[in-house]
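Here's the structure we're looking at; comments come further down.
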Number of protein chains: 2
Amino acid sequence: MSCIPQLTRTLRARGYRMTPQRLSILQALHDGGHLSPTQIYERVHQTGMTEATVYRTLEFLAGNGILSVADRGNGHLAYELSSEAHHHLICRNCGAQMAIEPAMLASAIRLMESKTGYQISAGHLTFFGLCQDCQSRSQ
Amino acid sequence: MSCIPQLTRTLRARGYRMTPQRLSILQALHDGGHLSPTQIYERVHQTGMTEATVYRTLEFLAGNGILSVADRGNGHLAYELSSEAHHHLICRNCGAQMAIEPAMLASAIRLMESKTGYQISAGHLTFFGLCQDCQSRSQ
DNA sequence: ATTGCTATTGATAAAAGTTGCAATAAGGAG
DNA sequence: CTCCTTATTGCAACTTTTATCAATAGCAAT
C-alpha cells in the first residue's frame, strides 16, 4: 500500500479526510483482491467498524474513483482497487470466471461515444456466457 | 400480451408451470417497461402476492431468458421483457439516460468470444459517462 | 500544542432482499 | 372429470443494505 500518502492527499484536496476505517478497508481490498461488502466486513469488524460504515466507505471510495464496482449480475456488488480493475466473463453453467482486458472493449466504447456524444467511463462490466467445456458437454 | 400462450408452452416443455403470479408480473412489465422488484410488487400486491414470490419469479423468468436484468450500477436490479431489451447509458452527473443498440456491442462481443472461447450472451449492460450538456458545463 | 469547524462514525431503526418449509395448486395421466 | 406428482406459493424468520442523528475525531489555522 505504497499509494496511501498519495490517496490521502487526493482526498484532502477535495475536502475529505483519511480515517483508520478507510485505511482498513483499502488494506483489506489490497490483501483480498475482489471482495463483497460482507467479506470486507468480516475482515475489518474486529476493529469495531460497523456494517453501515463499511457500506458508506465503499460507496465513498468508489465515488472518488479509488475503488471500482464489479457487478456479478445477481444484484450483489463486489469492490476492488481501481488500479487492479478489469472486466469479468462468467460461465452461467459452471461459474468459471475469466478476466477481460479493458482494451477489448475500447473500440466499442469509442463507437458508442461517437454515436451518443457521451464521454464514457466503462466502470466494471460482467459478461455472461458458456465456457468451452460447458459448450461441448451440452452437445 | 399476445405471446403468453407461446411462453406457457415454452415453460411446460421445460417442466415448469404457468401461474397467475407469473402472468401478473409479466403483465406489469408489459405495462411498465422497466421496473425494479419493489415497483413490480407495488403493481401486483393487491392480488395477494408476497415479496418473496416477486423476487423468486423475477429470478426464475430471467433464468429462463424471458426477462432481462438491467443493472443500474448501484447494486439494484431492474427487469424488463427480453423482447424489449436494450443497454443503457447514464450520465453520472445529471442522470440523463440513453438507450444503446445491442448492435453497437456486437463486434466487441465477437472479439471476446474469439479470444476466450466463451459463447457470450451479453444480457443487459449499463454504461456510465458524461452527457454532452454536462461536458460543456464542466469546461 | 490547542481550538474550532465539520466530515465521518457508531448506534439504531427501517427498508430491501433471501431462505426454509409446510400448504397449495398446475397440469399430465388414467 | 378425478387423482397424483411435484413445482410453486405464502408465511415467517433472517440477512443485507440504507437512512437518520447525535457523538466523535480529522486536520487546517492559530
Side-chain angles (χ1 to χ4, degrees), chain A residues 4-28 34-64 66-67 69-79, chain B residues 4-29 34-67 69-79:
Chain A
I4 292 300
Q6 175 56 43
L7 280 181
T8 303
R9 257 173 281 134
T10 304
L11 290 184
R12 286 190 190 159
R14 296 180 193 171
Y16 302 125
R17 298 169 186 174
M18 183 53 78
T19 65
Q21 289 86 348
R22 289 175 183 172
L23 285 173
S24 301
I25 287 178
L26 288 169
Q27 185 65 52
H34 215 111
L35 303 172
S36 69
T38 303
Q39 290 173 313
I40 293 168
Y41 177 71
E42 286 166 1
R43 285 172 177 248
V44 301
H45 82 285
Q46 80 277 358
T47 68
M49 209 183 314
T50 60
E51 289 100 333
T53 299
V54 172
Y55 283 101
R56 273 183 306 213
T57 301
L58 291 171
E59 192 177 345
F60 169 82
L61 293 173
N64 279 276
I66 294 164
L67 301 182
V69 185
D71 198 310
R72 262 61 172 281
N74 56 3
H76 287 220
L77 303 177
Y79 291 82
Chain B
I4 291 301
Q6 176 55 43
L7 281 181
T8 304
R9 256 174 280 133
T10 303
L11 290 184
R12 286 190 190 160
R14 296 180 193 171
Y16 302 124
R17 299 170 185 172
M18 182 53 77
T19 65
Q21 290 86 349
R22 289 175 182 171
L23 285 174
S24 302
I25 287 178
L26 288 169
Q27 184 65 51
L29 286 166
H34 215 108
L35 302 172
S36 69
T38 303
Q39 290 174 312
I40 293 167
Y41 176 70
E42 286 166 2
R43 284 173 177 248
V44 300
H45 82 285
Q46 79 276 358
T47 68
M49 208 182 316
T50 61
E51 289 98 333
T53 298
V54 172
Y55 284 102
R56 275 184 303 217
T57 301
L58 291 171
E59 193 178 344
F60 169 83
L61 293 173
N64 278 278
I66 294 165
L67 301 183
V69 184
D71 198 309
R72 261 66 168 277
N74 56 2
H76 287 221
L77 303 177
Y79 291 82

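Lettering follows sequence order; numbering is per chain, from 1. Computation of the quantities below employed the complete heavy-atom set of this structure, encompassing side-chain atoms and omitting hydrogens, waters and symmetry-equivalent molecules.
Of the inter-residue distances, the one linking B:Glu42 atom CD with B:Ser36 atom OG reads 7.0 Å to the nearest 0.5 angstrom. To the nearest 0.5 Å, atoms CD1 (B:Ile4) and CG (B:Leu26) are separated by 5.0 Å.
Within the structure, every side-chain polar atom (N or O) of A:Thr53 is placed at least 4.0 Å from both OP1 and OP2 of C:dT9. Side-chain nitrogen and oxygen atoms of B:Gln21 include at least one within less than 4.0 Å of the OP1 or OP2 phosphate oxygen of D:dG10. At least one side-chain nitrogen or oxygen of A:Thr19 sits closer than 4.0 Å to the OP1 or OP2 atom of C:dT9. In terms of phosphate contacts, B:Arg12 brings a side-chain nitrogen or oxygen within less than 4.0 Å of OP1 or OP2 of C:dG27. Within the 4.0 Å cut-off from OP1 or OP2 of D:dC11, not a single side-chain nitrogen or oxygen of B:Thr50 is found. One finds no side-chain N or O of A:His76 lying less than 4.0 angstrom from the OP1 or OP2 phosphate oxygen of C:dG17. Look at A:Arg22 and you'll find a side-chain N or O under 4.0 angstrom from OP1 or OP2 of C:dT8.
The side-chain heavy atoms of B:Ile25 and B:Met49, taken from C-beta on, include a pair separated by under 4.5 Å.
Under 3.5 Å, the side chain of B:Arg56 and the base of D:dG10 form at least one donor-acceptor pair of N or O atoms.
One interatomic measurement links the two molecules: CD of B:Glu51 to C1' of D:dT9, which rounds to 13 Å at whole-angstrom precision.
With axes fitted over five pairs at each extremity, the angle between the ends of the helix from C:dA1-D:dT30 to C:dG30-D:dC1 is 30° (10° resolution).
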